[in-house]
Amino acid sequence: MADSFYESFDNGAGALTNVWGDGADTSVKGQITIDGHGGAMQHASGSGVGFGYGDFTVTAEVEGNTSGPAALLWPADDKWPGTEMDFVEVLDNGTAYATAHRDQNGSDWYEARDYKGLDESQVHTYGIAWRPDEVAFSVDGNHTHTIEWETKDAAHGGSNVVFALMNMDPHTSITVYDMSYSPW
């Protein structure tokens, strides 16, 4: 199991070395911004890399009231469908939400929940607590919802996850100030 992890973006993209598309803006120390079409993530190079069950946080602000920006945990084996958990993503109507995905016999099973009334353009710390039978979401330390699901991390025969940021619209962006992981 991986040790605790903390990324402050004081040294550019830090651990998010897999950058694609329009790239990542790291010109301001202590933050990374993804706008346009692109993203940045840790390398997803096998089920055992990255992080297993534990507590994850991302401190971020999202600009634009249409789908495009997201902060998420991506399958460490880079296989889709797979274990994916979205800290925050925005729907076309400007609603911020969280999602848990998993592979269900070759199809993407997911459950999404709105962050009702959340102004995602403000800086918030989004949390995910991943356990064998559930994933719990929080904003600024306050529990928002729990999704019951069964997934396995690499230590239990499944795949770990890695941190990722993406944006799919030139009129939106996501700025992240830090991210962390503590094993469960």
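- The two atoms that bring D103 and P81 nearest to each other are CB-O, 3.5 Å, heavy atoms only.
- For the pair D108 and W80, the minimum side-chain heavy-atom distance is below 4.5 Å.
- Between Y181 and the choices F56, F5, Y6, Y53, the ring-ring contact (aromatic ring centres under 6.0 Å, His included) rule is met once, by F56.
- Rounding to the nearest 0.5 Å places CG of N160 at 9.5 Å from OG1 of T83.
- Closest heavy-atom contact between V19 and A40: CG2-CB, 4.0 Å.
- Taking OG of S180 as the reference point, atom CD of E7 lies at 11.0 Å (rounded to 0.5 Å).
- Residues H101 and L73 have side chains not in contact (no heavy-atom distance under 4.5 Å, counting atoms from C-beta outward).
- You'll find the side chain of K152 stays beyond 4.5 Å of the side chain of R102, heavy atoms only.
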Check residues 8-15 and write down every donor-acceptor pair under 3.5 Å in which the side-chain atom is one partner and the other belongs to a residue at least two apart or another chain.
| unit_1 | atom_1 | unit_2 | atom_2 | d |
| --- | --- | --- | --- | --- |
| S8 | OG | D10 | N | 3.4 |
| S8 | OG | D10 | OD2 | 3.1 |

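- With 3.5 Å as the limit, one finds no donor-acceptor pair spanning the side chains of H124 and D119.
- Contact check for F137 versus R113: no side-chain heavy atoms found under the 4.5 Å cut-off.
- No path of Ile, Leu, Val, Met, Phe, Trp and Tyr side chains, each step under 4.5 Å between heavy atoms, connects L165 with V162, placing them in separate hydrophobic clusters.
- S67 meets the side-chain contact (heavy atoms from CB on, under 4.5 Å) test with D92; sequence neighbours excluded.
- Using a 4.5 Å heavy-atom cutoff, the side chains of W74 and V161 are not in contact.
- Taking all atoms of both residues into account, the shortest heavy-atom contact from A96 to L118 is CB-CD2, 4.3 Å.
- Y126 has its side chain out of reach of T144: every pair of non-hydrogen atoms, C-beta onward, lies at least 4.5 Å apart.
- Distance check, rounded to the nearest 0.5 Å: OG1 of T95 to CG of N93 gives 3.5 Å.
- Note: T175 OG1 to D25 CG = 8.0 Å, rounded to the nearest 0.5 Å.
- Closest approach of V90 and G64 over heavy atoms only: CG1-O, 4.2 Å.
- Checked by atom type, the side-chain pair T172/N167 shows a donor-acceptor distance below 3.5 Å.
- You'll find the ring centres of F163 and F51 inside the 6.0 Å limit.
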Quick one: do H37 and W20 satisfy side chain to side chain contact (heavy atoms under 4.5 Å, CB included)? Show the steps, please. CA-CA 9 Å; H37 295 274; W20 67 93; over 6 Å; no
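- Using modelled atom types, one side-chain atom of R131 and one backbone atom of G54 make a donor-acceptor pair closer than 3.5 Å.
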Test side chain to side chain contact (heavy atoms under 4.5 Å, CB included) on M168 and I34; report intermediate values, then the result. CA-CA 9 Å; M168 302 181 305; I34 310 292; over 6 Å; no
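- V88 and Y177 end up in different hydrophobic clusters when Ile, Leu, Val, Met, Phe, Trp and Tyr side chains are linked at under 4.5 Å.
- To the nearest 0.5 angstrom, E61 atom CD is 10.5 Å from E120 atom CD.
- For the residue pair P69 and S173, the shortest heavy atom distance occurs at CB-O, 3.7 Å.
- Note on W130 and W109: same hydrophobic cluster, where clusters join Ile, Leu, Val, Met, Phe, Trp and Tyr whose side-chain heavy atoms are under 4.5 Å apart, directly or indirectly.
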Please assess L72 against M166 for the test side chain to side chain contact (heavy atoms under 4.5 Å, CB included), listing each intermediate value before the final yes or no. CA-CA 8 Å; L72 58 137; M166 66 176 210; 4.1 Å; yes
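- Using modelled atom types, one finds no donor on one side chain facing an acceptor on the other under 3.5 Å when comparing S159 with S47.
- Taking CG from D178 and CD1 from I32, the interatomic distance works out to 12.5 Å, rounded to the nearest 0.5 Å.
- Using a 4.5 Å cut-off on side-chain heavy atoms (C-beta onward), H43 and V49 make no contact.
- Clustering ILVMFWY residues whenever any of their side-chain heavy atoms sit less than 4.5 angstrom apart, transitively, puts Y115 in the very cluster that holds V58.
- Taken together through direct or relayed side-chain contacts under 4.5 Å among Ile, Leu, Val, Met, Phe, Trp and Tyr, F87 and Y97 form parts of separate hydrophobic clusters.
- Residues Q42 and L16 are in side-chain contact: their nearest non-hydrogen atoms beyond the backbone lie under 4.5 Å apart.
- Enclosure of atom OH in Y110 is not indicated, since only 12 or fewer non-hydrogen atoms of other residues, nucleotides or ligands lie within 6.0 angstrom.
- Across all their heavy atoms, D22 and G36 have their closest contact at OD2-CA, 3.3 Å.
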